[in-house]
Amino acid sequence: MRNEVPSECKLVCIPDEHEMFVKAGRPRRGCQGMKKSLISDCRLAEGRQGMSNQRLRVNANSFAFRMRPQGSSRPDDAKHRQGMSTKFLNTTGLPYCKGCGHHLIARNTAIALEKSGFAPLDTILVTDIGCHGIIDRCFNTHTVHGLHGRAAALGAGITLGLSDPKKKVVAFIGDGGATIGLQHLLEAARLNINMTVIIHNNMLYGMTGGQASGLTPCGFRTTITPEGNPVAGYDICALAHTAGAPHVRRIIGVGDFSEELTEAFKADGLSLVEVVEICPSYGAKLNPGTKLDTIIEASGQKIGLWQTGNKDAYSLQCRENLPSLFEKTPEIKVEFGSKLKRPFSIILSGSAGEGVQLASELLARAAISSGLRVTKKGSYPVTVGVGFSTAEIIISPRGIHFHGISEPDLVIITSKDGLRHNRKRIEAMKCGILFIDESLEPPETAAEVVSHNFRGMGPRNAAIFAVFFFARNSGLISISAMIKAIQDRGLAGKIPIEKMKKNLEGVV
Amino acid sequence: MPGRKDELVLIDGSRIIIEASVRAGAEIFVGYPITPANWLYLYATQRFPIILAAPDEITTLQWMAGLSAAGKTPVTATSFPGFALMKESINMAFMMELPMVIILAQRLGPSTGSATCGAQGDLLLLRGLISGGHPVPTLCISDLDDCWNLSASAVSIACKLRTPVVLLTSKEMVMTLRSFDLSDLSPIDPIQHRFYSGEAAYLPYADDQNRVPAFLPVGNNRHQVRLTSSTHDTRGLLQHSTDEAMANTRRLQEKIVGNLPDFTYYELDEMEGSDTLIFSYGISSAAAREAVRLLREKGIAVSLLIGKTLLPAPPEYFTILDKYERVIIAEENLSAQYCEILFGGRKPAGISTVGSIGKMITPRALVEEVAGA
Ligand code: SF4
């Protein structure tokens with residue numbers, strides 16, 4: 001049963017071969033009698049050193065590594081050969097160390113792709129950096145060989161770019177790749193990207209010298225944890241499933257698991273298969289006699305399938321013919337005039353949330369409609385909702401190259417926050433004008449100081465009212481131009497224009 | 001008013017960049033929020049046919065690479081902290097030869113620095129972007145017209161040269177509103193993808209015309225496509241340092257440098273009789289233009305060069321600079337980064353620099369540098 005934890009791992013391995021192994025490969029400390037367990041793989045790898053190549057070879061056409069005298073052939077070999085894919089793989093000589101579990105993943109993938117009905121050019125194999133990643137040359141599919149740990153993200157990009165359910169993206173990653181690229185797995189799962197990720201989990205980094213990864217189980221020895229890994233590995237299947245992947249499976253990578261992979265390839269949305277295997281060059285050597293199923297059991301992780309039904313795969317929303325951004329940027333007609341003869345720079349500063357940026361934008365629009373050129377720069381702390389809010393506006397009868405303001409012609413302060421932010425600048429003013437709310441004490445300055453009750457219109461209208469005050473006081477922008485700017489922005493009902501006009505009646 | 005046309009708007013660089021990118025044929029924007037590139041992201045969501053919200057900037061670039069491998073032209077916008085995360089993946093895209101545009105809106109560093117303060121501090125980072133020193137085409141925006149023209153060029157160069165392109169800008173360009181006449185913008189022709197159509201097996205890294213291999217998306221039904229980030233041969237198969245692989249790695253360099261004349265953009269305003277040149281780029285161009293105006297108003301002869309293609313550095317810049325007794329290079333950083341790119345650690349005689357951090361270089365600083373001498 002697929003969902004059950006098997007008491008023993010499936011291994012295409014027959015008793016006389018074990019016997020042969022035992023004779024040739026001498027039992028190691030901690031090894032129990034050979035059973036149908038993965039330990040045979042481990043031992044095989046170790047044993048090979050003591051054996052001649054003639055006696056131990058990787059049988060490229062079968063699903064497991066067997067030992068037999070060269071030339072011997074078994075009836076089930078022929079059966080396996082028949083099931084062997086040549087459509088997807090272009091060689092029988094895969095680039096891995098003898099006994100490496102990656103052989104089986106590559107072969108089972110090839111068979112499963114064929115079983116799933118994909119053609120090689122329907123398939124895009126995306127591989128990581130890591131021993132498993134050098135497989136791309138052996139596949140007749142499209143192949144994309146990227147960075148360490150990123151195949152799931154790269155594969156997601158390809159899946160989304162193709163947006164074609166007839167195409168199959170398969171991402172190969174290792175346990176190291178799953179560690180460094182964990183976010184990519186979770187994101188692919190969360191979005192339910194229509195692809196299959198196969199994790200080659202040999203519980204260490206093979207290519208770089210056998211170091212522990214985030215998936216290395218507790219107690220497993222690696223070159224950097226010779227006493228055994230002190231912490232548990234991620235349960236990557238549980239994580240992926242929790243994140244939203246609808247089809248997740250952990251299997252032990254021995255024998256024929258093409259059926260499990262076929263199911264994954266046929267599943268809609270993100271399917272993830274973690275194949276637990278062994279790296280003979282490091283894992284087997286450092287953990288002699290250890291059984292894979294024992295390791296998994298001890299880790300508390302489960303062999304099996306996690307499934308969620310009926311979940312739609314992520315599909316890209318393509319929005320054709322969206323309106324130009326310029327259509328949403330209303331044209332401003334020149335309907336008013338201005339007597340301004342030189343560039344005039346204004347700093348308007350108050351508190352966040354009190355309409356400083358809006359007021360300065362309205363002023364800028366009014367200036368454009370008065371035939372002037374404008375720049376408007378905003379500055380505020382990163383937390384846009386508290387503290388100061390400052391706008392720097394230049395209005396000019398000619399083109400403005402530089403929008404910075406060193407010596408403002410006018411500073412308008414509508415609140416304490418604004419004063420605090422501009423105190424130094426006001427003190428440094430050698431000329432110019434300061435408009436300041438009458439509730440505030442003006443700093444020492446050579447600027448001409450004009451106090452007025454801006455906040456009297458309510459804090460939210462203080463900045464806009466101050467801009468009206470400027471328009472009226474300077475005569476550089478007409479009140480009509482300001483009102484038109486407000487109307488064009490659809491704010492006529494929200495700003496107490498009449499009240500402001502009335503208040504300004506006495507202002508000269 | 002004479003010359004004043006009818007489509008006046010109050011607009012920021014972000015909107016123009018995004019609009020131009022879409023009109024040039026980019027169809028997907030992959031975003032991750034970062035100040036000061038957020039307006040670019042926001043406007044992109046309103047304009048790009050397809051939007052993807054990535055969970056981080058490494059994913060952003062990986063998704064973009066995948067989308068590009070599948071035949072799309074993706075764009076993203078970021079600032080240094082995000083760009084730093086993208087760096088390895090940009091190397092991958094460069095090696096795989098995948099078209100894409102990365103808009104880099106500079107802010108004050110080092111590190112997270114000041115998110116809402118502009119800067120021009122990332123140029124040396126860009127010059128050293130690729131392990132091996134290969135230049136990534138880098139265009140730099142100096143005004144709103146450039147927002148339009150260079151954004152379109154970035155998309156077109158990316159596709160024509162099969163490469164990531166960096167469109168460099170800064171906070172003050174993408175977040176400042178200006179009055180602008182939209183009718184000044186010239187129409188943009190969308191890129192026409194020309195995919196490999198031959199019968200022979202496709203070689204993804206063939207040394208084709210102009211050193212740019214023909215492109216064919218993965219997943220097509222006609223030819224196998226192999227893309228790889230590791231050192232590879234013309235078939236896209238991993239190689240150690242074989243002659244063929246090294247020839248390919250060399251081609252990558254020559255592809256960018258050799259095609260530089262096709263994407264050399266600059267603005268030269270020479271004044272007869274001047275022996276002084278102000279050379280600037282990006283946001284400091286505004287101060288440079290204003291300084292030149294002020295100086296000429298005072299009767300001081302001065303010429304102006306605004307660099308728009310920054311990497312690789314076009315040889316024309318040296319030819320122009322060589323004509324002047326004095327050159328003042330203005331850039332908003334501490335270390336005169338472009339000057340260093342052009343001349344190394346030792347400035348030639350006659351070259352001085354004006355820099356600034358935390359605020360824009362002012363026209364006055366440039367006027368004093370020129371007139372005060
Ligand atoms: S080092 Fe380990 S993981 Fe790598 S190929 Fe060899 S056995 Fe396999």
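Because the structure is predicted, anything quoted here is derived from the model rather than measured. Naming convention: chains lettered A, B, ... in sequence-line order (proteins, then strands); numbering from 1 in each chain.
- Comparing B/Asp143, B/Leu61, B/Ile58 by how many heavy-atom pairs each has under 4.5 Å with chain A, the most go to B/Ile58.
- A donor-acceptor pair under 3.5 Å is formed between the side chain of B/Ser280 and the backbone N or O of B/Ala330.
- In this structure, chain A has a heavy atom under 4.5 Å from the side chain of B/Asp56, while its backbone stays farther away.
- Both the backbone and the side chain of B/Ile50 come within less than 4.5 Å of a heavy atom in chain A.
- Only the side chain of B/Leu185 comes within contact range of chain A, with heavy atoms under 4.5 Å apart.
- In this structure, the portion of B/Ile283 lying under 4.5 Å from any heavy atom of chain A is its side chain and not its backbone.
- Interface residue B/Thr59: backbone and side-chain heavy atoms are both found under 4.5 Å from chain A.
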Q: In sequence, state the C-alpha distance, the side-chain angles, and the governing distance for A/Glu361 and A/Lys376, and then conclude on salt bridge (Lys or Arg N to Asp or Glu O under 4.0 Å).
A: CA-CA 7 Å; A/Glu361 191 195 313; A/Lys376 184 248 158 191; 5.9 Å; no

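- Judged purely by atom type and a 3.5 angstrom limit, A/Asp122 has no side-chain atom pairing as donor or acceptor with the backbone of A/Phe118.
- Contact of B/His232 with chain A is not made at all, since no heavy-atom distance falls under 4.5 Å.
- Here the side chain of A/Arg365 pairs no donor or acceptor atom with the backbone of A/Lys484 at under 3.5 angstrom.
- Looking at A/Glu327, there are no atoms closer than 4.5 Å to chain B (heavy atoms on both sides), in backbone or side chain.
- Listed here is the closest heavy atom pair of A/Val197 and A/Ala152: CG2-CB, 4.4 Å.
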(Q) I'd like to know whether A/Phe326 forms a ring pair (Phe, Tyr, Trp, His ring centres under 6.0 Å) with B/Trp148, so could you lay out the CA-CA distance, the side-chain angles of the two residues, the decisive distance to 0.1 Å, and finally the verdict. (A) CA-CA 12 Å; A/Phe326 298 158; B/Trp148 184 253; 5.7 Å; yes

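- Looking at every heavy atom in both residues, A/Ile400 comes nearest to A/Phe402 through CG2-O, 3.4 Å.
- The closest donor-acceptor contact from the side chain of A/Asp128 to the backbone of A/Arg150 lies under 3.5 Å.
- At a 4.5 Å heavy-atom cutoff, the contact between A/Phe139 and chain B is made by backbone atoms alone.
- Only the backbone of A/Gln317 comes within less than 4.5 Å of a heavy atom of chain B; no side-chain atom from C-beta onward does.
- In this structure, the portion of A/Ile124 lying under 4.5 Å from any heavy atom of chain B is its side chain and not its backbone.
- The interface of residues 17-27 of chain B with chain A, defined by heavy-atom distances below 4.5 Å, comprises B/Ile18, B/Glu19, B/Arg23.
- Neither the backbone nor the side chain of A/Pro120 comes within less than 4.5 Å of any heavy atom of chain B.
- Ranked by heavy-atom pairs shorter than 4.5 Å toward chain A, the options B/Arg222, B/Arg15, B/Lys72 are led by B/Arg15.
- In terms of heavy-atom pairs under 4.5 angstrom with chain B, the leader among A/Leu162, A/Ile394, A/Asp164 is A/Leu162.
- Only the side chain of B/Arg364 comes within less than 4.5 Å of a heavy atom in chain A; its backbone stays farther off.
- Annotation for A/Ser406 and A/Pro408: closest pair O-CD, 3.6 Å, computed over non-hydrogen atoms.
- In this structure, A/Gln357 contributes its side chain and A/Thr390 its backbone to a donor-acceptor pair below 3.5 Å.
- Taking 4.5 Å as the heavy-atom cut-off, the residues of residues 141-149 of chain A that approach chain B are A/Thr141, A/His142, A/Thr143, A/Val144, A/His145, A/Gly146, A/Leu147, ordered by number.
- Remark: side-chain polar atoms of B/Thr228 are paired, donor with acceptor, to backbone N or O of B/Ser230 under 3.5 angstrom.
- Only the side chain of B/Met96 comes within contact range of chain A, judged by heavy atoms closer than 4.5 Å.
- Taking B/Val30, B/Leu182, B/Leu237, B/Asn220 one by one and counting their heavy-atom pairs under 4.5 Å with chain A, the maximum is reached by B/Asn220.
- Looking at A/Leu316, only its side chain comes within 4.5 Å of chain B, counting heavy atoms on both sides.
- Between A/Cys138 and A/Pro95, the shortest heavy-atom contact is SG-CD, 3.8 Å.
- For a residue to count as touching a neighbouring chain, one of its non-hydrogen atoms must lie under 4.5 Å from one of that chain's; by this rule B/Lys359 does not touch chain A.
- When atom types are taken as modelled, the side chain of B/Ser285 and the backbone of B/Gly282 share a donor-acceptor pair closer than 3.5 angstrom.
- Between the side chain of A/Asn90 and the backbone N or O of A/Asn140 there is no donor-acceptor pair closer than 3.5 Å.
- A/Leu186 does not touch chain B: none of its heavy atoms, backbone or side chain, sits under 4.5 Å away.
- Residue A/Lys333 touches chain B through its side chain alone, counting heavy-atom pairs closer than 4.5 Å.
- B/Ser114 does not touch chain A: none of its heavy atoms, backbone or side chain, sits under 4.5 Å away.
- Note on B/Glu172, B/Arg235, B/Met175: by heavy-atom pairs under 4.5 Å with chain A, the leading option is B/Glu172.
- When the candidates B/Ser179, B/Ala54, B/Ala70 are compared by the number of heavy-atom contacts under 4.5 Å with chain A, B/Ser179 comes out ahead.
- No donor-acceptor pair closer than 3.5 Å links the side chain of A/Asn194 to the backbone N or O of A/Pro165.
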